[in-house]
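Note that ligands are numbered from 1 as they come in the structure, with each ligand's atoms numbered from 1 the same way. All residue numbers refer to positions in the sequence shown, counting from 1.
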Amino acid sequence: MQSPSTTPRALAPSLTVKPRLIRRLLLPLPIILLMLACGYIAYYTSVQIGIRALAESGERQLELHARAVESEISTHTYLPSLLELESSVSRLLLNPTDYRRDQVNDYLEGLNRRSGSRAVYVLDRKGRVLATSNWRDADSFQGEDLAFRAYFQDAIKGKPGRFYGIGSTTGEPGYYLAHGLRHQGKIIGVAVVKIRLDPLEKRWERARLEAFVSDENGIIILSSDPTRRLKAVHPLSAETRAKLADSLQYHWTTLKELQPLTRQRFAADAELLTLPASGENAGEEQPISYLAQTRRLNDPPWDFTLLSPVQDVRREAASHGMLAAVACALLAFLLIAWNERRKVIATRLAAREALLQANNELERKIAERTADLRSSNERLKAQIRERQQAEVTLRKTQDDLVQAGKLAVIGQMSTSIAHELNQPLAALRTLSGNTVRFLQRGALDTASSNLATINELVDRMGRITGSLRAFARRSDDSGDARLGKAVDAALFLLHPRLERTPLRIHRAYSDARLAIDQTRLEQILVNLIVNAIDAMHGQSDRQLWLDGHAQDGHYRLQIRDNGPGIPPSVRVHLFEPFFTTKPGEQGLGLGLTLSASLAAAAGGNLSVQHLENGGTAFELNLPLLHQSPAEPSRDE
Ligand code: ADP
């Protein structure tokens, strides 16, 4: 059966793209998006975690190195105040002489050497250098007027002088610690210690540490990277710039700003900065991102900033991101594969289920059909049994009828038979009486001749009774009959009738072997010949034609008479049982019925032809056992 959707489905492949194909084509897109999302999330998370870890370790480093800066400065803090205890210094300040100056110069030189500072010197109340540790050097401070220096101005007022600056004489950066020297409660001069902080930078360099220290003006005074030195960490106002330029604190240096490319606050004291690359290959290299952590120093009020490069964290995060993206893709592929497999299994299960159902349905139908077949088989068997029973009954009835027909013929012929037998009996009686007398007379020849005649008569009587017995015997449908013998037997049986009603018989048939019982064939012939004799009874010219020929494995024998023929009113009832037109007990109406039935049982038939020029022809058609050549017989 064709489903209504067959035609559109058949056209579909050429007109539309299968949804499965679309799914396959679109599948890479969400997978790529998923990979990107996973990769980004992993990257972002890894960066956050990495920076946090960096911040934690940076915190420790920051503390360590900030303390190092503090201790570097604090070791020299006490030094200027020490000079107050030195009486030679007080004496020089109160009453300066060359001798005293030389004395103090020597003292300061030794002190400076021992303390590891850059220079130690003493100023009078006007800010002129009275004695200095570097009195021997060409660029000695001796006699120099440093009253403009902020540290002097603070110290002379009794405040601790703290100052980072670039030396006006040497052009060398240094940290100046100043102290107002008192004598009897009055400040008589100022002691100053200059220390160099660049060893700290060297130490940072050795430790591969990136850091800088910015002073209270926000100017980087110490830096692991020299290019960042003397740059402002935040924008300077024009006023501040002018003030700083006037103070010559940073000598003649033009103060620039350290300008990060990006700046992002990470925590209260930490931010993410991207700084342009410094050093020799500054132009070629990529900008570097740092985590900048800042801590205020206790004394002086400077800021120590530690720079931790974050590119390692970013690189690691990028590989984490890539790893996560690949893992996501792998997971997605596994899920897809699992899903496909699940579908295949589901399809197989459904197919198996459908097969099972179809099988069950088939089995059910087979069981139903088997039951139907069994019941119809039973019905058929019952019908066959009934038919067999009916056939047996029919055959028995037919046999009975045949037998009845035979007996009827014999009954009809009984008078003629009796006559036929009475004649030889009478002759026998006469002959036997004569023979006795001839024997008594001794006429042996005559007696012997009479006995021979008696013998012949007895033979004849035996033949008559023998043929009657054979005729009356029950027989089968099939058999092997000789046509010539059957015609002779029938005519012999009817001999008494033929003697009384003579007729001319024309024979034109062969002695064919027919597939019918001999006696039955004889009976059919007797019936047909008797009917012909009966029909021609009242006429003087009586003729009977027996014409036969073989055709298609059958033999057709025509029994034709020149009688009055059969009237149309009789024709329709001809083969009906017990239909007869013969008066009294002459006819039973079974002759034609039985003859037709016997012919049919043997696989042949009996039909009638009504001839135009009078007379009736019956055609007996019987199967041949063996084909025998047509052999025309004698004509009587
Ligand atoms: P029955 O001979 O006992 O009457 P049949 O069945 O042999 O029964 O014949 C039925 C009838 O057919 C006969 O009574 C007769 O009227 C008619 N009939 C049969 N053969 C012939 C024939 N050769 N010519 C004319 N009538 C015939």
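Using a 4.0 Å cut-off between heavy atoms, Asn527 makes no contact with ligand 1 at all. When non-hydrogen atoms are compared, ligand 1 lies under 4.0 Å from the backbone of Thr580 as well as from its side chain. Only the side chain of Thr616 comes within 4.0 Å of ligand 1, judged by heavy-atom distances.
No hydrogens or angles considered: a donor-acceptor pair under 3.5 Å links the side chains of Ser289 and Arg314. For Arg437 and Asn434, the side-chain atoms include at least one donor-acceptor pair closer than 3.5 Å. Defined by atom type and a distance below 3.5 Å, a donor-acceptor pair is missing between the side-chain atoms of Lys365 and Asn360. Using a 3.5 Å distance cut-off with no hydrogens or angles, the side chains of Glu576 and His573 do pair a donor with an acceptor.
Between Leu620 and the options Ile516, Leu483, Leu521, a side-chain contact (heavy atoms from CB on, under 4.5 Å) holds for only Leu521.
Ring pair Tyr40/Tyr43 is tilted by interplanar angle, where 30° to 60° counts as tilted.
In this structure, of Ile559, Asn531, Leu528, the residue bringing a heavy atom nearest to atom 21 (C) of ligand 1 is Asn531. Atom 18 (N) of ligand 1 has its nearest heavy-atom neighbour, among Val530, Thr593, Ile566, in Ile566.
Looking only at distances, a side-chain donor or acceptor of Thr430 sits under 3.5 Å from a matching main-chain atom of Ala426.
Polar contact with ligand 1: present for Leu592 (N/O pair, distance under 3.5 Å). In terms of polar-atom proximity, defined here as any N/O pair under 3.5 Å, Lys582 does make such a contact with ligand 1.
Every heavy atom of Ser595 sits 4.0 Å or more from the atoms of ligand 1.
Those atoms of ligand 1 with a heavy atom of Ala535 less than 4.0 angstrom away are 22 (C), 24 (N), 25 (C). Near Gly565, meaning under 4.0 Å from any of its heavy atoms, are these atoms of ligand 1: 25 (C). Residue Leu574 has at least one heavy-atom neighbour below 4.0 Å for each of these atoms of ligand 1: 12 (O).
With sequence neighbours excluded, the residues satisfying salt bridge (charged side-chain N to carboxylate O under 4.0 Å, His left out) with Glu391 are Arg395.
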